[in-house]
Amino acid sequence: MPIDMPIDAARLRAGLVRPAGPFATLDVVASTGSTNADLREALVAGAADRTVLIAEEQTAGLGRRGRTWVSPSGAGVYCSVLFRPEGVPFAALGSLASVAGLALMDLTRELDVAAVLKWPNDVLAAAGSGKLAGILAEASSSDEPSAILGIGINVSPAREPARPGPGGLAPSSLAELGANTTDHTEISRLLLTFLHRRESAWLAAAGDLGAAGLLDEYRAHCATLGQQVRVVVASGQDLVGTAVDLDRTGALVVATADGDRRTIFAGDVVHLRPVAG
């Protein structure tokens, strides 16, 4: 397997950090516990809006509900961005996960990789259920609206097999799907460029996905819609039904067998099977 070169922080800063680009600061570290955890500390210390941290390796990467994200050195890009989105209400901060999902769709299209979104925070290979990327958006309840958006992308296969996630999703990677580059610096540059474009539209619409023109795009890419699903919510109970829509906040609307419609703001989703049309 070819060894990917370390991420070139100077090259990224030259095109992405002010005044040349939209981000305030950008740092690359060889290894850390969790980029999201590091930026939570930076947030408390007063770090600026659009502070970026990228790691070559995470030893305690975080996923939803406290799960670990496997982040071995050389296999992926692990990036977190701190946002202080003025004018966006706290209740809308969770929709940043949808913004990130669309940025990842832009990225995979640019890399000639067929991919789809799985609500609420996964990117899957379009031809199967292999997981390419994960998203973790963490809102802060400080005096001003703030959020930390973490994105982990599998660029190359890990040397050690990773345990499948919820629903039995095995990992996949950009390299295995024929990406036109696996250069970690270029992938980081593209990701942050697309994320800035998507977040700018979201910010201009005060966090309203529909008003930003992002909701219909997310629906179009979302493989969860039209699936029979099992959703495990915070209470630990299972909800089984058909995923029929997303509301304006990006929450999943599930129709149950008894005719009720439930709106799910957060939960683990397992795709059971497509619903016959």
Side-chain angles (χ1 to χ4, degrees), residues 9 12-28 34-55 62 64 77-107 117 119-121 133-152 188-219 221 246-252 263 265-266:
L12 291 176
R13 291 189 191 108
L16 292 170
V17 172
R18 298 168 187 157
F23 295 99
T25 64
L26 187 155
D27 289 309
V28 177
S34 160
T35 54
N36 265 33
D38 290 347
L39 285 192
R40 283 200 302 272
E41 294 182 4
L43 173 65
V44 173
D49 178 38
R50 293 179 175 83
T51 292
V52 181
L53 178 62
I54 303 173
L62 298 176
R64 279 180 40 78
V77 169
Y78 317 111
C79 174
S80 293
V81 184
L82 187 163
F83 290 106
R84 298 182 184 270
E86 186 175 351
V88 175
F90 180 81
L93 292 178
S95 62
L96 265 173
S98 300
V99 174
L102 289 173
L104 284 162
M105 289 295 94
D106 296 336
L107 173 68
L117 293 169
W119 190 91
N121 63 339
I135 301 161
L136 180 63
E138 299 181 283
S140 169
S141 58
S142 59
D143 292 339
E144 61 177 350
S146 56
I148 296 165
L149 184 65
I151 300 172
S188 300
R189 185 191 71 80
L190 289 169
L191 172 64
L192 289 167
T193 298
F194 292 132
L195 180 60
H196 164 62
R197 293 176 187 172
R198 295 295 189 172
E199 189 269 343
S200 294
W202 174 85
L203 181 63
D208 186 318
L209 293 172
L214 303 178
L215 187 57
D216 284 342
E217 276 197 80
Y218 192 97
R219 287 183 178 120
H221 289 292
L246 300 168
D247 76 3
R248 291 187 68 85
T249 69
L252 185 68
T263 300
F265 295 95

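Throughout, residue positions are numbered sequentially from 1 according to the sequence presented. It should be emphasised that the depicted structure is a prediction, and the values quoted were computed from it without experimental measurement.
- With Cys79 as reference, Leu192 is the one residue of Leu195, Leu192, Leu149 to meet the side chain to side chain contact (heavy atoms under 4.5 Å, CB included) rule.
- Between Asp38 atom CG and Thr51 atom OG1 the span is 12.5 Å, to the nearest 0.5 Å.
- Side-chain atoms of Asp247 and Thr263 form no donor-acceptor pair, as typed in the model, at a separation below 3.5 Å.
- A pairwise comparison of heavy atoms in Gly101 and Leu117 identifies O-CD2, 3.5 Å as the closest pair.
- Across all non-hydrogen atoms, the minimal contact from Gly150 to Ser80 is CA-OG, 3.7 Å.
- No side-chain heavy atom of Ile54 sits under 4.5 Å from any side-chain heavy atom of Thr35.
- In this structure, the side chains of Arg50 and Leu82 stay at 4.5 Å or more apart for every pair of heavy atoms.
- Summarising the geometry, atom CG belonging to Leu215 is positioned 6.0 Å from atom CG belonging to Leu246; distances are rounded to the nearest 0.5 Å.
- Across all non-hydrogen atoms, the minimal contact from Phe265 to Ala251 is CD2-CB, 3.6 Å.
- The two residues Ser146 and Pro85 come nearest to each other via the heavy atoms CA-CD, 4.0 Å.
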Next item on the list: Could you check Ile148 against Leu136 for side-chain contact (heavy atoms from CB on, under 4.5 Å), going step by step and ending with a plain yes or no?
Entry: CA-CA 8 Å; Ile148 296 165; Leu136 180 63; over 6 Å; no
Checklist line | Stepwise side-chain contact (heavy atoms from CB on, under 4.5 Å) test for Phe83 and Leu43 | finding: CA-CA 9 Å; Phe83 290 106; Leu43 173 65; over 6 Å; no
What side-chain donor-acceptor pairs closer than 3.5 Å can you find for residues 17-28, not counting sequence neighbours?
residue	atom	partner	partner atom	Å
Arg18	NE	Pro22	O	3.3
Arg18	NH2	Pro22	O	3.4
Asp27	OD1	Arg13	NH2	3.4

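- To the nearest 0.5 Å, atom OH of residue Tyr78 and atom CG of residue Leu53 are 13.5 Å apart.
- The shortest heavy-atom contact between Glu199 and Val99 is N-CG1, 3.6 Å.
- Atom CG in Leu96 sits 13.5 Å away from atom CZ in Arg198 (nearest 0.5 Å).
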Output a table of donor-acceptor pairs, distance under 3.5 Å, between side-chain atoms of residues 202-210 and any protein atom two or more places apart or on a different chain; print 'none' if there are none.
residue	atom	partner	partner atom	Å
Trp202	NE1	Ser95	OG	2.9
Trp202	NE1	Gly207	O	3.4
Asp208	OD1	Gly210	N	2.9
Asp208	OD1	Ala211	N	2.9
Asp208	OD1	Arg248	NH2	2.9
Asp208	OD2	Arg248	NH2	3.3

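- Side-chain contact between Tyr218 and Ser98 is present, with at least one heavy-atom pair separated by less than 4.5 Å.
- With a 4.5 Å cut-off on side-chain heavy atoms, Glu138 and Arg40 count as touching.
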